[in-house]
Amino acid sequence: MDVLSELLAELRVESTLYCRFAVAGGYGVAYPASPGVAGFHVVTEGALVLATPDGERRALAAGDFVVLAHGGEHRMLGSAAARAEPVAGAAARAVDGLARVGGGGGGGAVGGGTYVCGAFHFAAAGDHPLLSALPPVVHVRGEGGAPLPWLRTHLEALACEARSGRPGGAAMIARLSEVLFVHAIRAQLAELPAGSRGWLGALRDPALARVVALIHRHPERGWTVAALAREAGLSRSQFAERFAATVGHPPLTYLAQWRMHRGRALLREGGLRVGEVARRVGYGSEAAFSTAFRRSAGVAPGAYRRGVAV
């Protein structure tokens with residue numbers, strides 16, 4: 001299994017389809033920040049504007065699919081200067097799954113459009129490296145004014161399962177959601193220019209992708225820069241420079257971060273003593289792990305586990 005597949009399996013994606021919104025040109029819908037939840041929107045008709053607190057105004061056309069990967073505050077507007085109302089109030093007025101904002105929306109002369117609103121929920125969010133590597137907005141453009149075929153098919157299937165109430169519906173929604181999210185990640189990878197920095201950039205470099213995969217699969221090993229360089233087929237200096245330039249951290253810093261991430265995940269899952277968690281993530285003693293964990297998380301491993309369990 002490749003490293004992206006492994007991380008997605010750990011992330012465990014599920015989704016919620018809220019409703020459809022029809023937004024008139026002078027109006028919009030405001031979404032609050034939602035840590036650990038990635039909102040997504042698919043424009044089905046007309047043209048809209050995605051606005052973020054940093055001042056960005058991103059034009060969206062029919063067929064476009066956007067994912068707010070970090071759960072950031074944003075607005076979906078019928079025009080760049082539109083005023084927005086909170087999503088909760090707008091959704092409460094929905095009739096048969098359609099909420100009208102500002103008198104109808106749609107792609108007519110007054111501007112605006114319609115879109116499907118939903119969210120991805122992650123079982124392991126927080127410091128997950130895949131989510132951290134994504135930009136605030138993942139934008140997958142449609143074709144010919146319609147969503148790409150795979151997106152249209154999956155949205156229809158999600159909506160069908162959400163309405164059906166049939167046995168196994170929750171499992172189907174979870175699987176369909178994961179596929180939908182994978183497509184968004186693949187689209188983001190495909191658009192990365194050569195030499196891109198960051199974790200996703202490393203996946204496009206075969207030598208670095210192999211090293212990242214080994215670190216993720218075997219954090220318990222006593223990795224050194226020289227050992228990782230051999231796995232990459234590079235000299236020690238070439239590897240260290242290339243890894244740091246691409247990923248943004250020296251190899252052993254990345255290893256330490258991944259060990260802490262896995263340590264937190266194992267503590268959340270429960271069932272293992274702290275000493276066993278320490279061994280599985282590459283620490284020779286519980287004391288050494290506890291010291292590193294406290295420095296990273298701000299609390300001792302036991303306190304972290306108790307806090308998650310509350």
* To do: Check side-chain contact (heavy atoms from CB on, under 4.5 Å) between A288 and all other residues, then give those that pass, not counting sequence neighbours.
  => Y283, S285
* Side-chain donor or acceptor of T44 paired with backbone N/O of T114 under 3.5 Å -> yes
* **Aromatic plane relationship, W258 with H216 - under 30° parallel, 30 to 60° tilted, over 60° perpendicular** => parallel
* To do: For the pair D205 (side chain) and A202 (backbone), establish whether a donor and an acceptor sit closer than 3.5 Å, ignoring hydrogens and angles.
  => no
* Going hydrophobic residue to hydrophobic residue with side-chain gaps under 4.5 angstrom, can you get from V182 over to M172? -> no
* Does the S290 side chain pair with the main chain of E286, one donor and one acceptor, at a distance under 3.5 Å? -> yes
* Asked: Residues sharing L77's hydrophobic cluster, by side-chain heavy-atom contacts under 4.5 Å among ILVMFWY, directly or via others?
  -> V49
* Using only heavy-atom distances, determine whether the side chains of S296 and R264 contain a donor-acceptor pair under 3.5 Å. => yes
* For V299, does its backbone N or O pair with a side-chain atom of R294 as donor and acceptor, under 3.5 Å? -> no
* Structure fact -> ring-ring contact (aromatic ring centres under 6.0 Å, His included) filter on F239, not counting sequence neighbours, yields F243
* Structure fact -> Correct closest heavy-atom pair for A82 and G28 would be CB-N, 4.4 Å
* So, do Y31 and H41 have ring centers that fall under 6.0 Å from each other? -> yes
* To do: For R273, check side-chain hydrogen bond (donor to acceptor under 3.5 Å, both in side chains) against everything at least two apart and list the hits.
  => none
* Judged by atom type as modelled, is there a donor-acceptor pair below 3.5 Å linking the side chain of R20 to the main-chain atoms of C117? -> no
* Relative to each other, are the rings of F181 and F120 parallel, tilted or perpendicular (30° and 60° limits)? -> perpendicular
* **Candidate pair R75 and L50, rule side chain to side chain contact (heavy atoms under 4.5 Å, CB included), full reasoning** => CA-CA 6 Å; R75 292 173 291 155; L50 172 66; over 6 Å; no
* Not counting sequence neighbours, which residues clear salt bridge (Lys or Arg N to Asp or Glu O under 4.0 Å) with R152? List them please. => none
* Asked: Is there a donor-acceptor contact under 3.5 Å from the side chain of S79 to the main chain of G25?
  -> yes
* Asked: How about Q188 and R186: do any of their side-chain heavy atoms sit closer than 4.5 Å?
  -> no
* Asked: For the residue pair G113 and L48, what are the closest heavy atoms and their distance?
  -> N-CD2, 3.5 Å
* Identify whether the distance between the nearest side-chain nitrogen and carboxylate oxygen of E220 and R279 falls below 4.0 Å. => no
* Asked: Quick check: does any side chain N or O of H154 sit under 3.5 Å from a backbone N or O of W150, one acting as donor and the other as acceptor?
  -> yes
* Path from L134 to V179 over hydrophobic side-chain contacts below 4.5 Å -> no
* Asked: Out of curiosity, L255 CG to W223 CH2, how far, rounded to the nearest 0.5 Å?
  -> 9.0 Å
* To do: Flag yes if L155 and L98 sit in one hydrophobic cluster, no otherwise; membership is Ile, Leu, Val, Met, Phe, Trp, Tyr, and two members link when side-chain heavy atoms are under 4.5 Å apart.
  => no
* **Nearest atoms (heavy-atom pairs only) where V140 meets A187** => CG2-CB, 3.6 Å
* For R166, check salt bridge (Lys or Arg N to Asp or Glu O under 4.0 Å) against everything at least two apart and list the hits. => E161
* Asked: Between D64 and V43, is there a donor-acceptor pair closer than 3.5 Å when you use the side chain of the first and the backbone of the second?
  -> no
* Asked: So, for L151 and V42, which heavy atoms are closest and what is the spacing to 0.1 Å?
  -> CD2-CG1, 4.0 Å
* Pair F293-M260, side chain to side chain contact (heavy atoms under 4.5 Å, CB included): steps then yes or no -> CA-CA 7 Å; F293 190 92; M260 288 296 101; 4.1 Å; yes
* Asked: What's the shortest heavy-atom distance between C19 and A91, and which atoms?
  -> SG-CB, 4.3 Å
